[in-house]
Q: 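This structure is in structure tokens; I'll ask about it shortly.
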Number of protein chains: 2
Amino acid sequence: MTDTQDLDLRKAAILEAVVSEYIGTAQPVGSHHVARAAGINVSSATIRSEMVALEREGYLMQPHTSAGRIPTDKGYRFFVDQLTEPGVLGPAQRQKVSRFFEQVHCEMEEMLERTSSLLSELTSYASVVLPPSHEAAVARSVQLVGLGPRVALLVVVLADGAVEKRSIDLAEEVPEEVLAAASARLHAAAHSRPLGGVTVSAASGDPLVDHVVSLALSALGELASEAHDRVFVGGPSRLAAAFDAVETVSAVLATLEQQLVVVSLLRDVLERGVSVVIGAEHGYQSLASCAVVVAPVSVEGQPSGAVGILGPTRMNYPQALAAARVVGERLGQRIHESFDPAAGAAPAEEHRPRRRARGRR
Amino acid sequence: MTDTQDLDLRKAAILEAVVSEYIGTAQPVGSHHVARAAGINVSSATIRSEMVALEREGYLMQPHTSAGRIPTDKGYRFFVDQLTEPGVLGPAQRQKVSRFFEQVHCEMEEMLERTSSLLSELTSYASVVLPPSHEAAVARSVQLVGLGPRVALLVVVLADGAVEKRSIDLAEEVPEEVLAAASARLHAAAHSRPLGGVTVSAASGDPLVDHVVSLALSALGELASEAHDRVFVGGPSRLAAAFDAVETVSAVLATLEQQLVVVSLLRDVLERGVSVVIGAEHGYQSLASCAVVVAPVSVEGQPSGAVGILGPTRMNYPQALAAARVVGERLGQRIHESFDPAAGAAPAEEHRPRRRARGRR
DNA sequence: TGCTGGCACTCGATTCTACCGAGTGCCAGG
DNA sequence: CCTGGCACTCGGTAGAATCGAGTGCCAGCA
């Protein structure tokens with residue numbers, strides 16, 4: 001198999017021209033257009049023969065004879081990996097991001113929700129935000145609150161500010177004092193422990209308290225094990241604009257509704273250390289006409305969440321990459337700050353592209 | 001203005017036929033089709049002349065000369081108000097609803113989220129669920145949890161099981177004990193009070209405690225006043241299927257993204273005691289091609305939230321009305337039960353404390 | 001050898017025409 | 001007052017003609 005790395009300089013230039021033009025116009029690109037593009041000084045005839053080669057090698061394809069070429073997924077892949085730097089945001093967008101992160105002052109959930117809106121505004125594509133996982137997060141507080149005669153709510157505050165809750169059927173009436181006692185025992189046992197590893201050592205005097213505690217403990221266990229598969233989707237309406245086939249829109253939206261799919265896609269991508277997934281590179285049929293650009297959200301160096309941009313395969317990759325990285329980074333900082341406002345005093349250092357997108361299928 | 005009430009019996013029958021047919025086929029309906037419809041025993045010529053009248057009176061319109069008629073908003077309105085009963089769900093759907101509400105066992109938010117999915121599955125339209133307002137809800141618990149050196153989280157548990165939170169910048173370092181003291185004072189002051197009316201009477205000995213308390217109180221006030229304008233949208237992908245113009249889809253989705261608009265629309269509709277809004281009857285331009293079917297969610301007789309179905313104006317009103325009502329009612333019951341499981345001793349249902357693991361995937 | 005201009009050819013898109021048929025409005029007769 | 005009949009309208013479809021952007025190939029030139 002011909003290796004991507006060594007395409008002719010000229011072939012690469014031609015491929016780049018085709019991809020750029022196609023991203024802009026969504027029309028198949030002919031040899032004449034390429035010839036006119038900057039940095040290419042050969043005639044259209046030469047370009048045609050090169051294009052034949054590029055097509056043979058799988059970078060381009062023709063919708064039909066006597067039409068121009070459009071990039072294949074492989075073509076986009078080469079473009080992203082070899083031909084393009086992450087790019088920078090325009091000053092207006094950069095300002096928008098800064099303004100956003102200065103102004104935003106709210107709880108995690110809402111912040112993530114609004115971050116996803118920001119991303120989709122910046123890029124005009126749909127966006128997804130994967131919340132920081134609090135797998136390893138320790139509990140700051142555990143509390144039982146009575147809601148009704150036989151119902152209590154277990155409220156857990158984690159160190160990252162997230163609040164998890166779960167209602168518990170008590171099966172019999174439990175007086176306030178018992179609830180309070182159980183709550184105190186739980187809190188003592190769970191404080192500063194990771195959710196999974198909470199045990200309560202000694203039995204108290206009261207068997208009812210013990211019963212409640214054990215109910216709460218199992219609920220706690222469930223909370224810990226349950227992958228918190230929420231994902232925030234921003235700007236789904238942009239999808240309708242990005243695709244023109246209404247059934248494509250429908251299919252993609254339907255996939256987005258299944259949070260699970262999106263979450264595992266993002267996790268997968270992150271794990272492989274990749275930042276762009278194009279077309280069918282992931283296994284999901286329904287997203288075959290999409291590309292996803294992902295950037296990690298790191299809190300104090302620990303990668304813990306992700307932001308992603310979801311658009312058509314002919315999306316503006318440099319811009320999307322830039323937006324995802326900047327927003328991901330700023331979001332990480334912002335989350336960090338929210339525990340220690342002083343940390344936010346340090347000016348955000350200028351972001352420079354450290355690494356090119358890597359990873360192929 | 002001709003009053004809606006008194007359309008000819010025959011005119012009404014014709015209108016009904018046109019609306020039904022159009023809802024089914026999305027094609028303009030001609031006089032022949034109407035003549036063939038059940039319950040109409042006049043010739044197409046007669047129907048034509050009646051249709052002319054109906055058109056003059058604003059119930060029907062022609063997309064162009066020599067095409068059939070399609071209903072206007074006014075036509076739909078008459079159909080909904082005079083010609084149709086809410087209808088009943090099919091046995092399969094009814095069972096789906098029952099199964100859902102038996103199985104669902106989770107926190108408010110997730111339940112609402114999943115209810116909206118249920119609704120959109122039942123109807124194949126998009127759905128919205130307006131959470132029960134907890135304007136008047138009293139606090140069951142108020143707590144301050146330290147998150148970082150200068151940051152605390154105010155966690156409020158309301159009587160309806162909702163958990164509200166807000167982080168507080170303390171501006172200086174506050175030791176755990178102070179936080180605990182403040183937390184205790186707040187809890188005592190706020191317990192069983194509506195969020196708005198919390199005051200702390202006497203000053204404690206410690207000025208730092210007082211400071212923290214006052215910070216927390218103002219945060220509490222903000223929480224109370226802030227209209228909690230969240231709305232759960234289900235099945236946006238169904239919209240893409242319901243409309244065929246991609247820009248309509250885009251516009252409607254964009255409107256749905258602005259939670260605010262949807263919330264005030266629903267509130268408005270509820271307030272007017274209406275259950276169906278058709279086309280431009282509400283003021284929102286971007287939803288002019290939609291109809292909304294709304295049903296209240298009452299908890300113990302108190303109307304406190306709403307469910308809605310959002311589809312094209314040519315939606316299946318009887319089915320949508322039935323679905324909205326049933327789901328709204330069951331949701332209200334379910335919410336009520338979640339405070340007092342005994343209340344849910346549904347007829348012919350053995351009640352066992354059941355604890356279903358919500359294992360996903 | 002490799003690039004170029006030229007040329008014949010392909011084929012989707014556009015335009016034009018004809019035509020079909022569903023649907024209308026109108027009217028005379030039962 | 002209803003009905004069948006009739007002339008008319010006009011969107012949608014089908015086929016033919018045309019256009020033009022684009023291709024592959026090739027001979028000739030640096």
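Fair warning: this is a prediction, and the values are worked out from it, not measured in the lab. Residue numbering restarts at 1 for every chain, and letters A, B, ... go by the order of the sequence lines.
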Q: In Å, rounded to the nearest 0.5 Å, how long is the span from CD of Gln27(B) to NE2 of His33(B)?
A: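 It comes to 9.5 Å.
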
Q: I need the CD1-P distance between Ile47(A) and dC25(D), as an integer number of Å.
A: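 So the two atoms are 17 Å apart, to the nearest Å.
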
Q: Atom pairs under 3.5 Å, N or O on each side, protein against nucleotides 27-30 of chain C: can you list them with distances?
A:
none

Q: Output the rounded distance in Å from CZ (Arg69(A)) to P (dA21(D)).
A: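 The distance from CZ of Arg69(A) to P of dA21(D) comes to 17 Å, rounded to the nearest Å.
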
Q: Examine dG23(C): is either OP1 or OP2 under 4.0 Å from a nitrogen or oxygen in the side chain of Thr65(B)? Give yes or no.
A: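 Indeed not, no polar side-chain atom of Thr65(B) lies that close.
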
Q: For residues Ser264(A) and Tyr284(A), is any side-chain donor paired with an opposing acceptor at under 3.5 Å?
A: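 A pair is found: one side chain offers a donor N or O, the other an acceptor, under 3.5 Å apart.
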
Q: Starting at CE of Met51(B) and ending at C1' of dC2(D), how long is that distance when rounded to a whole Å?
A: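 The answer, rounded to whole Å, is 17 Å.
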
Q: More 5' along DNA chain D: His32(A) or Ser49(B), using each one's nearest nucleotide?
A: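 It is Ser49(B), whose closest nucleotide lies nearer the 5' terminus.
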
Q: What is the separation between atom CD on Gln62(B) and atom P on dT24(C), rounded to the nearest whole Å?
A: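 About 6 Å, once rounded to whole Å.
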
Q: For dG25(C), does OP1 or OP2 lie under 4.0 Å from any side-chain N or O of Arg56(B)?
A: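 Looking at the OP1 and OP2 atoms of dG25(C), neither is under 4.0 Å from any side-chain N or O of Arg56(B).
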
Q: Whole Å only: how far is the CD1 atom of Ile14(B) from the P atom of dG23(C)?
A: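 One finds 15 Å between P of dG23(C) and CD1 of Ile14(B), rounded.
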
Q: With a 4.5 Å limit on heavy-atom distance, are the side chains of Val277(B) and Asp268(B) in contact?
A: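 No, their side chains stay 4.5 Å or more apart.
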
Q: Would you say the base of dG5(D) and the side-chain of Arg48(B) have a donor-acceptor pair closer than 3.5 Å?
A: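 A donor-acceptor contact between them is present.
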
Q: Starting at CG of Leu54(B) and ending at C1' of dG23(C), how long is that distance when rounded to a whole Å?
A: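 Roughly 17 Å, once rounded to whole Å.
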
Q: Hey, is the side chain of His33(A) poking within less than 4.0 Å of OP1 or OP2 on dG22(D), counting only N and O atoms?
A: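 True: His33(A) side-chain N/O within range (under 4.0 Å) of dG22(D) OP1/OP2.
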
Q: CZ of Arg94(B): more than 12 outside heavy atoms within 6.0 angstrom?
A: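 No, CZ of Arg94(B) has 12 or fewer neighbouring heavy atoms, counting only those of other groups under 6.0 Å.
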
Q: By the 4.0 Å heavy-atom rule, please label Thr46(B) as base, sugar-phosphate, or nothing.
A: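 Base contact.
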
Q: Please figure out whether Glu55(A) or Ser43(B) has its closest DNA chain D nucleotide nearer the 5' end.
A: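 Nearest nucleotide further toward 5': that of Ser43(B).
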
Q: Among dG5(D), dT3(D), dT23(D), find the nucleotide with the atom closest to the side chain of Val42(B).
A: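 Closest nucleotide among those given: dT3(D).
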
Q: Indicate yes or no: at least one non-hydrogen side-chain atom of Phe243(A) is less than 4.5 angstrom from one of Ser289(A).
A: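 Heavy-atom side-chain distance check passes, below 4.5 Å.
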
Q: The side chain of Val52(A) is closest to which nucleotide in this list: dG24(D), dA21(D), dG23(C)?
A: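 Among dG24(D), dA21(D), dG23(C), the one nearest the side chain of Val52(A) is dG24(D).
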
Q: Calculate the interatomic distance between Met61(B) atom CE and dT24(C) atom C1'; express it in whole Å.
A: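 It is 15 Å, rounded to the nearest whole Å.
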
Q: Taking all non-hydrogen atoms of both residues into account, name the closest pair between Gly235(A) and Ser120(A) and its distance.
A: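 Smallest interatomic distance, heavy atoms only, reads CA-OG, 3.5 Å.
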
Q: Indicate yes or no: at least one non-hydrogen side-chain atom of Leu265(B) is less than 4.5 angstrom from one of Leu287(B).
A: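 The answer is yes, as the side chains (C-beta and beyond) meet within the 4.5 Å cut-off.
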
Q: From CD of Glu21(A) over to C1' of dG22(D), roughly how many Å is that when rounded to an integer?
A: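 Roughly 14 Å, once rounded to whole Å.
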
